[in-house]
Amino acid sequence: PPAEGTPDENYSIAIPPPNVTGALHMGHALNGTMQDALARMNRMQGHNTLWILGTDHAGIATQAVVERELREDGTSRQELGRERFVERVWEWKQKYGSTIVGQYKRLGASCDYERERFTLDGDYVRAVYRVFVALYDKGYVYRDNYIVNWDPGTHSAISDLEVENREVEDTLYLVDYPVEGSDEVVTVATVRPETMLADTAVAVHPDDDRYRHLVGGACTLPLVGRRLAVIVDEHVDPEFGTGALKITPGHDPNDFEIGRAHGLEEVTVIGEDGRMTEAAGERFAGLTVAEAHDAVVAALEEEGRIRDRRPYVHSVPFSHRSGERIEPLISLQWFCRMDELAAPAIEVVERDEVRITPAQWKRVYLDWMRNIRPWCISRQLWWGHRIPVWYCDKCDETYVAETPPERCGACGGQLRQEEDVLDTWFSSALWPFATLGWPDDTPELRAFYPTDFLTTAREILFLWVARMIMMGLEFPGQIPFRDVYVHSVIQAPDGRRMSKSLGTGIDPLDEIEAYGADALRFGLLAMSSSQDVPYSKDRVQQGLDLANKMWNASRLILLNVDAGSDSAVPAGTARSARRSRAFVEDRWILSRLQRAIEAVTADLESYDFAHAALELYRFFWSEMCDWYLEIVKPRLYDSEPEASATLLHMLEQVLALAHPMLPFVTEEIYSYLRDVAPERRAGMVVVHRFPEPHAWLVDESAEAEVGAAIELTRSLRRWRELAGVAPRTVLAARAQDTEPPELVGRLARVAFDGDAAGAESLAQVGPVEILASGDIDPEQVRHRVDERRQALCAEVERAQRKLDNEGFTANAPADVVEAEREKLAAYRAELEDLGEST
RNA sequence: GGGCGCGUAGCUCAGUGGGAGAGCGCUCCCCUCACACGGGAGAGGUCGCUGGUUCGAGCCCAGCCGCGCCCACCA
């Protein structure tokens with residue numbers, strides 16, 4: 001699309017960039033379908049529409065894939081060295097990185113494929129560096145020794161959000177620490193005895209009388225002999241264990257906080273390689289954590305320090321990336337302070353400038369943002385945005401800049417760039433504006449930022465969405481999008497998570513192969529909801545059925561229509577069209593169409609995709625096909641011009657209405673429709689005007705009249721079943737007062753012929769009197785009618801009781817009472833009718 | 001520990017105060033000239049449980065039972 005107009009007039013979506021390593025999964029398929037439905041609708045509504053496409057370099061994931069390849073080749077990234085490794089990843093990216101883009105095409109996603117973005121493109125890197133430097137200059141970004149979630153699997157620090165807590169069965173050891181200068185011991189509880197080697201204090205609660213006499217004194221750390229001060233701290237829970245807490249600032253996040261508060265020494269006994277360090281002492285240095293665990297227990301056992309051991313279930317952090325148990329370590333990392341960035345991002349959501357749907361996620365977002373903590377943004381990886389910080393070889397000088405000077409300004413020394421790269425989410429946070437050319441003031445940015453819509457899985461609400469809002473406000477200075485829609489998670493059919501490792505995944509491409517892209521799209525929209533839903537092949541089948549039905553209905557219309565009448569009769573949307581239409585069924589279906597257009601549009605605009613899909617299905621199948629097409633057939637076969645004109649108009653409107661959800665079949669059918677009258681229908685549906693409901697085509701009296709005919713037809717069919725009359729048998733009947741429409745006779749297979757004047761009357765169905773004829777068993781009819789009469793009596797009694805209740809008549813709204821009276825009257829009328837037949 | 005959500009027909013789900021709906025499945029009938037990926041007619045729910053509010057509750061309130069998710073530093 002041209003970069004013209006304003007963001008208010010235009011419509012834009014930035015796709016949640018899939019990982020370059022990724023293949024399309026159900027989440028993408030659902031997410032992509034929703035975005036595409038909105039993009040297509042808005043495009044058809046005449047908005048200049050941009051759907052930005054691109055991929056994410058996905059630091060850890062991509063590095064892992066290439067490292068696996070290297071391992072298969074018998075080498076490693078270390079052997080290759082950084083530069084060649086990064087080259088190798090780029091090669092991999094060029095070769096496989098766009099797989100998923102092709103898969104989006106198969107889904108029918110109408111993205112801007114001409115402008116595919118990548119988070120490591122030159123311009124994008126420039127944006128990332130600009131942001132990092134700016135945040136550093138503001139003092140938000142800093143480097144510090146701090147306890148981080150160390151992932152031994154990826155050999156990198158990871159952020160709090162990439163940690164997943166799991167319930168684990170462990171052993172809780174109660175260990176005696178001798179009190180200095182007495183025979184007493186203090187017993188502490190731990191599930192990780194190996195970390196005791198790094199203990200630097202013992203803490204108790206300030207109000208705990210049991211330990212009051214020890215406060216200010218010290219214990220001796222078994223195996224090590226270090227002197228541990230006994231301190232008080234509010235964080236200690238006197239109820240847990242013995243009420244005495246060993247403090248290990250180097251290997252426990254809580255203890256770290258306590259340690260910093262009390263100025264305790266920070267001892268590190270576990271290294272980044274997951275092995276015990278020199279500081280663990282000769283006996284343990286070099287052991288793995290697991291080995292050290294056993295060795296420490298054995299040693300304590302030997303000294304008689306273990307008082308007790310108990311089975312203990314607790315939650316333990318694991319890496320979301322590698323699946324390995326997180327090792328909390330003190331490490332020199334880059335952090336970003338979030339409080340200042342969060343404040344305006346809280347406000348825009350509070351004020352609904354960024355709307356979050358469904359609404360309950362607004363509070364979840366706000367709660368998290370109000371308690372936001374510093375973000376560890378450095379990663380010990382090679383694939384990613386290498387942090388734009390340079391250190392001097394010779395002096396302490398540090399340069400934080402988009403481009404560094406040649407040499408150190410202070411001493412002329414060589415500069416060496418920071419080894420770490422940025423958390424992938426740091427760059428993703430800039431996605432909605434970096435893809436539009438920021439930091440330059442580009443036409444694209446002016447035309448399409450802020451974007452309109454973002455759909456996301458709730459698991460990345462904090463990881464990504466919140467950060468985009470913060471960065472959008474901080475840098476371009478505007479919200480990144482107006483609406484955030486948190487979609488449901490499609491689970492495996494059995495309700496478990498869809499996952500590769502569980503073998504529960506269903507590949508959307510297989511489903512497209514089996515059912516077609518339109519069917520999958522329809523199915524996903526129809527099954528989506530605000531809550532998680534199991535994947536349902538039945539819904540996808542329903543989509544296939546709908547596409548098939550459209551195809552067949554179109555065949556009926558296009559093969560029988562009189563093309564000339566298309567232009568001879570006023571189009572359906574013309575104001576004159578309603579008056580000029582002689583047939584009530586035409587006015588009826590046009591009227592029903594207006595309501596369907598209104599409903600589908602409103603559903604899509606409020607992101608109620610399931611209802612949009614199901615309403616389209618209902619209208620097209622039940623009203624258009626089951627009733628209108630059946631009603632209009634004889635006129636169609638007779639080449640009656642208004643039938644043709646109405647059908648062509650209906651088809652055109654329905655195709656346009658359905659197109660955002662079912663792009664392929666509608667485009668295909670439209671190409672045939674276009675051939676019927678090329679002078680009136682140029683182009684493709686994708687750029688067709690999206691249908692708008694017209695008040696002047698809503699015709700209540702036509703709706704009432706055809707509605708009554710439909711009801712009568714159904715009543716007659718029901719009576720036929722009741723009486724056990726074969727479907728092909730034409731019932732003899734007489735219309736009592738009013739002349740029923742020809743169409744009721746045809747649809748219900750009833751012949752209103754005067755010849756039957758002398759025949760016995762069998763039943764009264766509405767205004768129609770059914771007459772005896774040779775094919776009907778009167779005994780069976782009587783029996784079934786008796787049953788119906790009993791049911792009606794019960795209804796009459798119920799309604800009567802309700803209306804006799806003064807509480808009801810006095811307090812219920814008048815129209816409700818009136819409706820009840822009408823119902824009662826209807827039951828009585830039917831009962832009376834039945835009475836005549838026996 | 002806190003928060004959010006869910007429990008409605010055999011299955012998957014709609015339904016936020018006036019006599020329970022859809023799709024699939026099931027039963028019966030029909031290959032009627034667009035479609036058997038079809039058409040017609042049906043059966044099938046004490047709306048998790050217990051109280052409460054109301055003339056009236058699937059819907060509002062309280063409590064309970066069961067399930068799921070998110071957040072959280074009790075070793």
Side-chain angles (χ1 to χ4, degrees), chain A residues 147 160-161 165 172-174 188-192 195 203 235-248 252-258 312 314-315 317 328 358 360-361 363-364 367-368 371 458-459 461-462 489 491 493 495 515 519 523 526-527 529-539 541-560 608 610-611 614 617-618 622 625-626 629-630 633 636-637 713-714 717-722 724 726-728 747-749 795 798-799 802 805-813 815-817 819-820 823:
Chain A
I147 193 145
D160 295 342
L161 289 171
N165 290 298
L172 185 67
Y173 297 89
L174 297 182
V188 298
T190 182
V191 289
R192 302 200 58 199
T195 65
H235 288 89
V236 181
D237 177 4
E239 304 294 314
F240 187 89
T242 59
L245 174 63
K246 73 189 215 28
I247 303 294
T248 320
D252 182 283
N254 313 315
D255 294 2
F256 178 82
E257 299 290 345
I258 294 174
Y312 183 60
H314 64 146
S315 75
Q360 67 260 27
W361 297 104
R363 237 189 70 197
V364 174
D367 285 348
W368 186 76
N371 296 303
R458 57 179 159 271
E459 63 190 27
L461 189 62
F462 307 140
V489 174
Q491 300 165 324
Y515 297 91
M527 75 182 84
S529 147
S530 57
Q531 55 178 314
D532 294 349
V533 282
Y535 181 76
S536 160
K537 279 186 192 288
D538 285 345
R539 281 294 187 205
Q541 179 65 45
Q542 199 184 340
L544 173 56
D545 292 346
L546 177 61
N548 184 253
K549 188 83 169 173
M550 279 192 177
W551 179 257
N552 285 308
S554 307
R555 255 171 41 119
L556 171 71
I557 295 169
L558 296 172
L559 293 179
N560 293 285
D608 190 347
H611 282 117
L614 295 171
Y617 180 96
R618 187 205 62 75
S622 307
C625 291
D626 286 351
L629 292 185
E630 293 307 321
K633 263 179 192 173
L636 177 64
Y637 295 144
T713 300
R714 301 196 64 199
R717 284 173 178 168
R718 225 172 287 134
W719 189 88
R720 176 191 294 274
E721 290 281 333
L722 193 81
R728 306 204 67 161
L747 296 172
R749 285 185 179 270
E795 287 301 299
R798 181 199 57 74
K802 190 162 188 173
N805 177 356
E806 274 188 38
F808 176 69
T809 49
N811 297 317
D815 58 321
V816 174
V817 177
E820 196 61 38
K823 228 181 293 175

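Just so it is clear, the values below take in all heavy atoms, side chains as well, and ignore hydrogens, waters and symmetry mates. Chain letters run A, B, ... following the sequence lines, proteins first, then strands; residues in each count from 1.
Residue-level contact check: A:L245 touches the bases, meaning some heavy atom is under 4.0 Å from a base atom. At a threshold of 4.0 angstrom between heavy atoms, the contacts of A:D538 are confined to the sugar-phosphate backbone, with no base atom among them. Heavy atoms of A:R363 sit under 4.0 angstrom from primed sugar atoms or phosphate atoms, though from no base atom. Counting any heavy atom pair closer than 4.0 Å across all strands shown, A:K246 reaches no nucleic acid atom. When heavy atoms are screened at a 4.0 angstrom cut-off, A:Y637 is found touching the sugar-phosphate backbone but no base atom. As judged by a 4.0 angstrom heavy-atom cut-off over every strand, A:V236 is placed among the base-contacting residues. As judged by a 4.0 angstrom heavy-atom cut-off over every strand, A:S536 is placed among residues making no nucleic acid contact. At a threshold of 4.0 angstrom between heavy atoms, the contacts of A:Y515 with the nucleic acid are absent.
Contact detail for A:R720 and A:A748: the closest heavy-atom pair is NH2-O, 2.9 Å. The nearest pair of heavy atoms linking A:R749 to A:R728 is NH1-O, 3.9 Å. Taking all atoms of both residues into account, the shortest heavy-atom contact from A:L556 to A:L636 is O-CD2, 3.8 Å. Nearest heavy atoms, A:L629 versus A:A553: CD1-CB, 3.9 Å. Contact detail for A:L544 and A:Y515: the closest heavy-atom pair is CD1-O, 3.6 Å.
Looking at A:N552, its side chain does come within 3.5 Å of a backbone N or O of A:N548 through a donor-acceptor pair. Of the possible polar contacts, none joining the A:N560 side chain to the A:Y637 backbone as a donor-acceptor pair under 3.5 Å is found.
Closest contact between the side chain of A:F462 and the listed nucleotides B:C37, B:C71, B:U32 involves B:C71. Relative to the side chain of A:R728, the nucleotides B:C69, B:A34, B:U32 differ in distance, and B:U32 lies closest. For A:R555, the listed nucleotide lying nearest its side chain is B:A34; candidates were B:A34, B:C37, B:C30. Here B:A34 is the nucleotide among B:A34, B:G23, B:A75 with the atom lying nearest to any side-chain atom of A:L556. Nearest nucleotide to the side chain of A:N548, out of B:U32, B:C24, B:C37: B:C37.
One atom, CG of A:L461, and another, C1' of B:C71, lie 12 Å apart when rounded to the nearest Å. Atom CD in A:Q542 sits about 22 Å away from atom P in B:C35, given to the nearest Å. Look at CG on A:L747: it is 16 Å from P on B:U32, rounded to the nearest Å. For the pair A:W719 CH2 and B:C29 C1', the interatomic distance rounds to 16 Å; values are reported in whole Å. Look at OH on A:Y617: it is 7 Å from P on B:G38, rounded to the nearest Å. Rounded to a whole Å, the CZ atom of A:R458 is 13 Å from the C1' atom of B:C71. Summarising the geometry, the separation between CG on A:L546 and P on B:C24 is reported as 12 Å, rounded to the nearest angstrom. When the C1' atom of B:G1 is taken as reference, atom CG of A:N165 falls 14 Å away, rounded to whole Å.
For the P atoms, the distance linking B:G42 with B:A36 amounts to 24 Å, nearest Å. Spacing between B:A22 and B:A9 at atom C1', rounded to whole Å, works out to 11 Å. Straight-line distance between the P atoms of B:A43 and B:A57: roughly 26 Å, to the nearest whole Å. Spacing of P atoms, B:U54 relative to B:A20, comes out at 23 Å, to the nearest Å. For the C1' atoms, the distance linking B:G44 with B:G21 amounts to 13 Å, nearest Å. When the P atom is used for both B:C61 and B:C69, the distance is 25 Å, rounded to whole Å. Taking atom P on both nucleotides, B:C59 is separated from B:G52 by 14 Å, rounded to a whole Å. As rounded to the nearest Å, B:C30 and B:U16 have P atoms that lie 41 Å from one another.
With a cut-off of 3.5 Å on both Watson-Crick or G-U wobble distances, the partner of B:G68 is given as B:C4. The pairing partner recorded for B:C59 is none, the criterion being a Watson-Crick or G-U wobble arrangement whose two distances lie under 3.5 angstrom. The partner of B:A22, taking Watson-Crick or G-U wobble pairs whose two distances both stay under 3.5 Å, is B:U12. With a cut-off of 3.5 Å on both pairing distances, the Watson-Crick or G-U wobble partner of B:G38 is B:C30.
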Go through A:D367 and A:N371 one step at a time and tell me if the side-chain hydrogen bond (donor to acceptor under 3.5 Å, both in side chains) criterion holds. CA-CA 7 Å; A:D367 285 348; A:N371 296 303; 5.8 Å; no
Under the side-chain contact (heavy atoms from CB on, under 4.5 Å) rule, what do A:H235 and A:I247 come out as? Steps first, then yes or no, please. CA-CA 11 Å; A:H235 288 89; A:I247 303 294; over 6 Å; no
Passes side-chain contact (heavy atoms from CB on, under 4.5 Å), A:T195 versus A:D255? Steps please. CA-CA 11 Å; A:T195 65; A:D255 294 2; over 6 Å; no
Would you please test A:Q541 and A:D545 for side-chain hydrogen bond (donor to acceptor under 3.5 Å, both in side chains) and show each step? CA-CA 6 Å; A:Q541 179 65 45; A:D545 292 346; 2.8 Å; yes
Report all interatomic pairs (protein N or O, nucleotide N or O of nucleotides 39-43 of chain B) with separations under 3.5 Å.
| unit_1 | atom_1 | unit_2 | atom_2 | d |
| --- | --- | --- | --- | --- |
| B:G39 | OP1 | A:K549 | NZ | 3.0 |
| B:G39 | OP1 | A:W621 | NE1 | 2.5 |
| B:G39 | OP1 | A:D626 | OD1 | 3.3 |
| B:G40 | N2 | A:E721 | OE2 | 3.4 |
| B:A41 | OP1 | A:R714 | NE | 3.1 |
| B:G42 | OP1 | A:R718 | NE | 2.8 |

Are there any protein N/O atoms within less than 3.5 Å of an N/O atom in nucleotides 13-17 of chain B, and if so, which ones and at what distance?
| unit_1 | atom_1 | unit_2 | atom_2 | d |
| --- | --- | --- | --- | --- |
| B:A14 | OP1 | A:S529 | OG | 2.8 |
| B:A14 | OP1 | A:Q531 | NE2 | 3.1 |
| B:A14 | OP2 | A:Q531 | NE2 | 3.3 |
| B:A14 | O2' | A:H611 | NE2 | 2.6 |

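Below 30°, between 30° and 60°, or above 60°: for A:F462 and A:W368 the angle between ring planes is below 30°, a parallel geometry.
Mapping A:L614 and A:E239 onto RNA chain B by nearest heavy atom places A:L614 closer to the 5' end of the strand.
Remark: A:K246 does not engage A:D252 in a salt bridge, criterion side-chain N to carboxylate O under 4.0 Å.
Between A:Y535 and B:U12 there is no side-chain N or O to OP1 or OP2 distance below 4.0 Å.
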